[in-house]
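Positions are given from 1, in the same order as the sequence printed here.
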Amino acid sequence: MKKLLLLSIVTFFSLGLVAQSVYKMRVVKTDGQEIFFNTSDVDYVDFSYQEVSDPEENKLSVFLAGDDVNKDGPCKVATMNNVGPDGGCILAYPENMSEDPNVKHGVVIWGPGGDTEPGAYMGMINRLVSHGFVVLALSSSPGDGKSASAAIDWLEERNNLDYGVLSNKLIIDRIGCSGHSMGGLESEQALLKDPRVYTAILNNSGDLGHSAMSQIRSGKPIAIVYGEKGMEAPNAEADYNNPGVTTPACLIKMTGGPTNNSEGGYGHGSAAWDGIAATLAWMRWHIGGENRKDEFTTPNGQYVSGPIIGKQGYWQGRYKNWENWSGD
């Protein structure tokens, strides 16, 4: 009888210990992390398949048309005059904008030279737009970047509207700036100060203090296109040659121009009128995403030693700081 009682007591305590034990389920993730769950808290375990979307499927791309930068592209150009933040700008855009929500238009802000109307540069504006870009040409270029930033604000507001020709059509966080003379200085300052501006290409321009390019520390690419006889040449060369320049940069001279003009060769207006192809190629590369690096950064590149197609003379280019540039 005593043995039976002892067995009963041992059995009772054994069952009690089992009943009070806590079992845990261990889950080991692919990164090695372990997660434990109390089995009493788990209702059921379900292995379900979850489809992962292809990251390339909804990737945003830039609308580009045509492929020859030496002539106008296929897009018909539409313009609006007396618009923009100060009511004096020109807005130009492809008449038939992209209808694909994943294909949008790159933006170029154009700055006119001092005392020059933006309408004087319709050759440049039309070339850019006919290849798919949207251009807002400033009414004037103070040279401090503020007008360019105000223009981007104006475009951004219209891009965010639910109506209008620009509604949800623009790429605002990767903008190109370009301009002639003072417009080039405006572009350079916008690149330096506005995070939405990714690149600038100055036409017949260069920082008067020779230091602006050396202040660009973000790795954003910049170029200057200038004339062999242009009054801007000393500033263009000194800005590029500043030893403090660390950003990827190009300096492109137009040489062998007609000598029967007042400057005796390619002068102060050369890049904005005769050198349009270089600005368009630069924007198709840096804003449009085309691979044109060799054209600007190799000894035999088109804008390093090639002919100025459709005009006389040759490009004479220099380049630096492109070794670790990724283009992101």
Side-chain angles (χ1 to χ4, degrees), residues 62-64 77-94 104-114 116-160 165-166 169-205 207 212 216 218 220-225 271-272 276 278-288:
V62 182
F63 180 94
L64 288 177
V77 180
T79 59
M80 293 183 185
N81 295 316
N82 300 317
V83 295
D86 62 1
C89 303
I90 296 175
L91 173 66
Y93 55 92
K104 300 190 179 185
H105 294 266
V107 172
V108 177
I109 305 297
W110 174 263
T116 307
E117 296 290 331
Y121 302 94
M122 291 310 300
M124 175 72 77
I125 294 169
N126 287 337
R127 181 74 59 84
L128 286 163
V129 175
S130 69
H131 281 249
F133 293 97
V134 170
V135 177
L136 188 65
L138 306 177
S139 60
S140 63
S141 303
D144 57 8
K146 292 181 180 179
S147 290
S149 289
I152 298 171
D153 291 340
W154 186 85
L155 288 171
E156 188 169 16
E157 290 174 1
R158 277 138 193 85
N159 185 60
N160 292 336
V165 68
L166 301 181
K169 300 291 187 183
L170 309 178
I171 297 174
I172 294 293
D173 60 351
R174 191 184 178 97
I175 285 177
C177 283
S178 188
H180 174 235
S181 193
M182 283 296 293
L185 299 184
E186 182 73 16
S187 301
E188 191 171 35
Q189 288 298 311
L191 179 65
L192 179 61
K193 298 174 181 178
D194 195 319
R196 297 169 295 184
V197 179
Y198 176 72
T199 190
I201 179 167
L202 288 59
N203 285 212
N204 304 106
S205 189
D207 182 43
I216 300 170
S218 58
K220 295 179 179 180
I222 186 172
I224 301 177
V225 185
I276 293 174
T279 294
L280 175 57
W282 186 267
M283 293 302 178
R284 287 186 68 113
W285 177 19
H286 292 294
I287 302 301

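In this structure Ser181 satisfies the side chain to side chain donor-acceptor pair (under 3.5 Å) test together with His268, sequence neighbours excluded. Residues that satisfy the side chain to side chain donor-acceptor pair (under 3.5 Å) test with Lys220, not counting sequence neighbours, are absent from this structure. For the side-chain contact (heavy atoms from CB on, under 4.5 Å) test, residues two or more places apart in sequence or in another chain that qualify with Asp86 are Cys89, Ser139. Partners of Lys169 by salt bridge (charged side-chain N to carboxylate O under 4.0 Å, His left out), not counting sequence neighbours, listed by chain and number: Glu99. Remark: Val62 engages Ile171 in a side-chain contact (heavy atoms from CB on, under 4.5 Å) (not counting sequence neighbours). Partners of Ser205 under the side-chain contact (heavy atoms from CB on, under 4.5 Å) rule, at least two apart in sequence or in another chain, are Leu185, Leu202. Checked against side-chain contact (heavy atoms from CB on, under 4.5 Å), Leu166 has the following partners two or more places apart in sequence or in another chain: Leu91, Met97, Val134, Leu155, Arg158, Leu170.
Among pairs with a residue in residues 136-155, none fulfils ring-ring contact (aromatic ring centres under 6.0 Å, His included), at least two apart in sequence or across chains. Identified under the salt bridge (charged side-chain N to carboxylate O under 4.0 Å, His left out) test for residues 177-195, with sequence neighbours left out: Asp194-Arg196. Sequence neighbours left out, not one pair with a member in residues 127-147 passes ring-ring contact (aromatic ring centres under 6.0 Å, His included). For residues 120-132, every residue pair satisfying the salt bridge (charged side-chain N to carboxylate O under 4.0 Å, His left out) rule, not counting sequence neighbours, is listed here: Asp72-Arg127.
Listed here is the closest heavy atom pair of Gly183 and Ser141: CA-OG, 3.4 Å. Taking every heavy atom of both residues into account, Ala151 and Leu136 meet most closely at CB-CD2, 3.4 Å. Closest heavy-atom contact between Asn203 and Ser178: ND2-OG, 3.6 Å. Taking each heavy atom of His105 and Gly132 in turn, the nearest pair found is ND1-O, 2.7 Å. Nearest heavy-atom pair across Asn204 and Ala271 is OD1-N, 2.9 Å.
Looking at heavy atoms from C-beta onward, Ile216 lies in side-chain contact with Leu191 at the 4.5 angstrom threshold.
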Tabulate below the donor-acceptor pairs under 3.5 Å that side-chain atoms of residues 116-124 make, not counting sequence neighbours, or state none.
| unit_1 | atom_1 | unit_2 | atom_2 | d |
| --- | --- | --- | --- | --- |
| Thr116 | OG1 | Gly114 | O | 3.2 |
| Tyr121 | OH | Gly113 | N | 3.0 |
| Tyr121 | OH | His180 | ND1 | 2.9 |

